[in-house]
Amino acid sequence: MERTSQAVIIILYACMSVKAFEMEITPANRIVEQIGETLVLTCNTTGCASPSFSWRIQTDNPLGGTVSNHGTYSTLTMSPVSIENAHDYLCTVFCGLEKKEKSVKVELYSFPSDPVIEISTSLVAGEQTTVICKIPDVYPSDHLEVLLKKEEHILLEKNFFEDDSTNTETKIVTYSFYPTTEDIGKEITCVAKLPIANMDFEPKERVTSQKLNANFGPKNTVITASPSNSAMEGDSLKLTCVTESNPPPQIVWRRQVADKSVQYLVENNVLSIPHAHFTDSGLYICEVINLVTNKTEKATVDIVIQGAPNIAEFSIKPSTTVREGENVSIRCSAESNPPPKIVLRRKSDGADMGLYSEGGILLLPSVTFLSGGDYECVAENKFGKNKSAVALNVEYGPKNIIISVIPAATVKEGETVTMKCTSSGNPAPVISWKKKTVTGESEKIFKDATLTIKNIESQDLGLYECEAYNQFGKEEKAVKLLVQVPPQNITVLVHPSENVKEGENVTITCSTYSNPPSQMVLKKVHPEKEIILSSVNGTFTLYNVTKNDTGRYLLDVFNEVGNNIKVIEIAVVGRKSGKTRSNDACDYCILLCNSNSNTCSRDFDLRVKKSKDKWILQSCKSTEAESVIT
């Protein structure tokens with residue numbers, strides 16, 4: 001009983017595991033597919049361990065796909081789907097002797113992308129333009145509806161119901177109109193619809209919009225000047241060029257100056273002049289160019305810059321440093337509005353020095369050293385005045401030497417003397433001192449303007465020359481220095497001797513060195529009466545001496561610097577009797593010799609010698625002495 005129950009259970013299980021042979025197609029019944037996509041149809045079986053599959057189209061068209069069997073199911077792949085794939089597809093399955101079939105209908109469409117709007121990028125306001133709307137790869141196009149509008153305003157409606165296209169096509173809608181400046185920024189919209197009844201696909205409506213950008217201008221171009229078109233020199237000035245144009249134009253500033261030439265300035269609608277100058281005056285031109293419309297417009301404004309003068313040029317030609325004798329021109333120019341009055345003059349110690357010009361040009365032919373100095377240019381108008389100065393440096397050789405001697409050119413021995421030499425010249429001369437030698441030549445002794453000689457001696461006297469020198473020449477000037485010396489080196493000669501006989505003549509000769517020359521006085525010391533004798537060229541003669549001439553004599557040698565005294569002792573002894581007249585004649589001869597040497601030599605046989613311009617008798621002999629004396 002137990003075995004029987006188990007067998008029944010096994011049979012029941014076996015019956016329950018065996019299913020009936022079935023098939024299905026997915027997607028089932030009806031498929032809507034977009035052309036260009038991939039479509040896979042699957043034929044699936046149950047209840048058959050080893051089915052066999054076949055696919056076919058219910059017409060005589062090619063299958064148009066790829067079949068792949070996978071045990072209990074089979075696939076038909078169409079990639080990409082094309083118009084040729086729009087059919088009923090039948091799948092047949094054999095399971096042993098059993099056969100089953102099912103079909104599916106494939107319907108196709110093409111609406112792959114949004115419309116494309118084409119508008120010329122060089123759209124110009126007032127000029128006709130065309131809007132093109134393209135709907136790419138539409139199928140079936142006989143259901144296509146197109147709407148073209150500007151904002152909410154409908155421009156064009158079109159359908160393609162009459163179209164008999166059998167493949168995908170790009171459909172085009174065009175519309176021409178005249179854009180205005182008000183159209184800028186408005187949207188052109190193209191709406192494409194593909195409403196096919198009983199076909200379930202999305203989207204069935206595609207929309208594309210594009211903003212209009214109408215090019216125009218330039219027009220109504222104006223220039224504004226801030227703060228105004230008449231500004232003061234140094235102020236900031238801003239010129240703004242305003243125009244109407246789309247796209248924004250290219251802007252070029254130009255300035256037309258007095259000589260009619262045109263200058264190119266910045267390329268910007270604002271021209272800024274941070275510090276206005278007189279040269280900024282002129283006619284300013286703003287030229288605006290729309291490169292799309294190829295149109296140009298200009299605006300102008302006249303700018304006037306006023307103010308006090310500015311010295312533009314102040315020059316000396318050929319140079320600020322010239323040589324004496326050159327021709328010199330001094331020029332001064334100034335800028336201002338209104339034009340300035342220009343005065344050009346030479347200044348010295350704050351006072352005008354005669355050189356004056358109101359034309360801004362001063363010509364100095366063959367300049368001298370007196371032409372050098374500061375020159376001033378004064379430019380003035382109603383807004384104020386301006387000054388500038390420049391120095392003219394005239395180079396010249398030494399001149400106008402001045403020698404000063406302190407304390408004087410005549411000094412006493414032992415003193416200090418200072419000799420100072422000054423000279424004008426440019427560049428400043430180099431000064432040196434020379435002294436004349438005994439040979440007459442000049443010897444340089446000192447290189448400086450001031451020569452100081454301390455403890456001066458007699459050999460320092462002489463002619464001193466000051467020499468001033470620069471590269472343009474030299475000049476010399478001399479001063480004679482005298483050294484005062486008291487009598488010195490005194491020599492006294494007594495002839496025939498200090499002891500003489502009565503009746504003889506005694507000659508006292510004195511020589512000395514002094515400056516200035518000395519005077520000499522011979523004094524006899526006598527208790528009752530002082531006897532003073534003057535010299536004749538340094539010689540004293542005592543004629544026909546007697547005993548009374550015996551005594552002490554003082555020889556005083558002096559000048560204004562000092563003196564020296566020599567003492568002479570003269571002794572006179574009595575003579576023997578019988579003195580000849582010849583001796584008297586010889587005494588007389590000595591007198592004659594000192595006064596007239598020719599007479600003396602003619603009448604007497606003499607031997608004399610000359611000492612310091614004085615005749616000294618050495619011997620006297622004459623047979624005619626008697627008659628001479630008589």
Side-chain angles (χ1 to χ4, degrees), residues 25 27-41 57-65 76 78-90 103-121 123 128-180 183 186-212:
I25 292 179
N29 300 326
R30 184 166 176 262
I31 299 171
V32 177
E33 188 65 51
Q34 180 159 269
I35 294 172
E37 300 291 332
T38 296
L39 176 62
V40 178
L41 301 179
I57 300 175
Q58 294 178 344
T59 64
D60 273 339
N61 289 11
L63 186 61
L76 173 62
M78 291 165 275
S79 179
V81 175
S82 65
I83 295 294
E84 288 77 12
N85 298 125
H87 297 289
D88 288 329
Y89 287 84
L90 180 67
S103 65
V104 60
K105 183 177 181 64
V106 176
E107 296 181 278
L108 301 178
Y109 78 97
S110 180
F111 199 30
S113 59
D114 293 338
V116 176
I117 297 176
E118 295 180 356
I119 306 176
S120 172
T121 56
L123 194 65
Q128 186 180 30
T129 190
T130 298
V131 178
I132 300 173
C133 180
K134 295 181 179 180
I135 301 92
D137 302 325
V138 178
Y139 180 83
S141 56
D142 57 359
H143 287 74
L144 181 62
E145 299 175 5
V146 178
L147 179 66
L148 192 64
K149 61 182 182 178
K150 180 174 63 176
E151 295 291 323
E152 301 303 322
H153 176 66
I154 297 175
L155 301 177
L156 177 68
E157 290 184 88
K158 185 174 180 179
N159 59 62
F160 294 85
F161 297 159
E162 305 298 327
D163 196 81
D164 57 356
S165 174
T166 59
N167 207 338
T168 59
E169 284 188 357
T170 296
K171 298 301 179 181
I172 298 175
V173 174
T174 62
Y175 178 77
S176 297
F177 69 107
Y178 292 87
T180 65
D183 289 333
K186 291 183 178 180
E187 287 189 342
I188 291 288
T189 303
C190 182
V191 181
K193 299 179 181 180
L194 192 64
I196 303 175
N198 301 319
M199 287 187 71
D200 187 17
F201 64 88
E202 291 294 338
K204 291 186 176 180
E205 179 179 304
R206 289 185 177 273
V207 179
T208 297
S209 296
Q210 183 174 324
K211 287 186 178 182
L212 288 173

- prompt: Got more than 12 heavy atoms from elsewhere within 6.0 Å of CD, Gln128?
  reply: yes

task: Kindly compute the distance separating CD (Glu169) from CD1 (Ile135), expressed to the nearest 0.5 Å.
output: 12.0 Å

- request: Could you check if a side-chain atom of Glu187 sits within less than 4.5 angstrom of a side-chain atom of Lys150, using non-hydrogen atoms only?
  value: no

query: So do Ile83 and Thr166 actually touch side chain to side chain, heavy atoms under 4.5 Å?
result: no

message: When you measure from the side chain of Arg206 to the backbone of Leu194, do you find a donor-acceptor pair of N or O atoms at a distance under 3.5 Å?
response: no

field: Ser110 side chain vs Asp137 backbone, donor-acceptor pair below 3.5 Å
entry: yes

query: Looking at Ile172 and Phe160, what are the two nearest heavy atoms and their distance?
result: O-CZ, 4.3 Å

task: Give, for atom CD of Glu33 and atom CG of Leu39, the distance between the pair rounded to the nearest 0.5 Å.
output: 5.0 Å

task: Drop me the distance from Glu151's CD to Asp183's CG, to the nearest 0.5 angstrom.
output: 9.5 Å

- prompt: Say you draw a straight line from CG of Leu76 to CG of Leu90; how long is it, rounded to the nearest 0.5 Å?
  reply: 11.5 Å

task: Report yes if the side chains of Asp163 and Lys171 come closer than 4.5 Å at any heavy-atom pair, otherwise no.
output: yes

query: Within a strict 4.5 Å, meaning less than it, do heavy atoms of the Thr129 and Phe177 side chains meet?
result: yes

field: Set of residues satisfying salt bridge (charged side-chain N to carboxylate O under 4.0 Å, His left out) with respect to Glu157, sequence neighbours excluded
entry: none

task: Evaluate the ring planes of His87 and Tyr89, with Trp represented by its six-membered ring, and classify them as parallel (under 30°), tilted (30 to 60°) or perpendicular (over 60°).
output: perpendicular

message: Looking at every heavy atom in both Pro112 and Pro136, which two are closest together, and how far apart are they?
response: CD-O, 3.6 Å

- prompt: Got Cys190 and Val146 here, is their nearest side-chain heavy-atom distance under 4.5 Å?
  reply: yes

message: Do Val207 and Asp114 have side chains that approach each other closer than 4.5 Å (heavy atoms only, starting at C-beta)?
response: no

- prompt: Should the heavy atoms of other residues, nucleotides or ligands under 6.0 Å from NZ of Lys193 be counted, would the total exceed 12?
  reply: no

- request: List in chain and number order the residues that pass side chain to side chain donor-acceptor pair (under 3.5 Å) with Thr189, two or more places apart in sequence or in another chain; answer none if no residue qualifies.
  value: Ser209

query: If only atom types and distance count, is the side chain of Gln34 paired as donor or acceptor with the main-chain N or O of Phe111 below 3.5 Å?
result: yes

message: Are there over 12 heavy-atom neighbours, none belonging to Phe201, within less than 6.0 Å of that residue's CZ?
response: yes

message: Is it the case that the side chain of Lys204 and the backbone of Met199 share a donor-acceptor pair, with hydrogens and angles ignored and the cut-off at 3.5 Å?
response: yes

query: Below 4.5 Å, heavy atoms only, C-beta onward: do Ile188 and Leu155 meet side chain to side chain?
result: yes

task: Over all heavy atoms of both residues, which pair between Gly36 and Pro80 is shortest? Give the atoms and the distance, please.
output: O-CB, 3.5 Å

- prompt: Can you tell me how far CG of Leu144 sits from CD1 of Ile196, rounded to the nearest 0.5 angstrom?
  reply: 9.5 Å

query: How far does CD1 of Ile57 sit from OG of Ser103, to the nearest 0.5 angstrom?
result: 12.0 Å

- prompt: Which atoms form the tightest heavy-atom contact between Thr208 and Pro115, and what is the distance?
  reply: OG1-O, 2.6 Å

message: For Asn85 versus Leu108, what's the shortest heavy-atom pair and its separation?
response: C-CD1, 4.0 Å

message: Please find the pair of heavy atoms, one from Leu41 and one from Val104, that lie closest to each other, and give the distance.
response: CD1-CG1, 3.8 Å

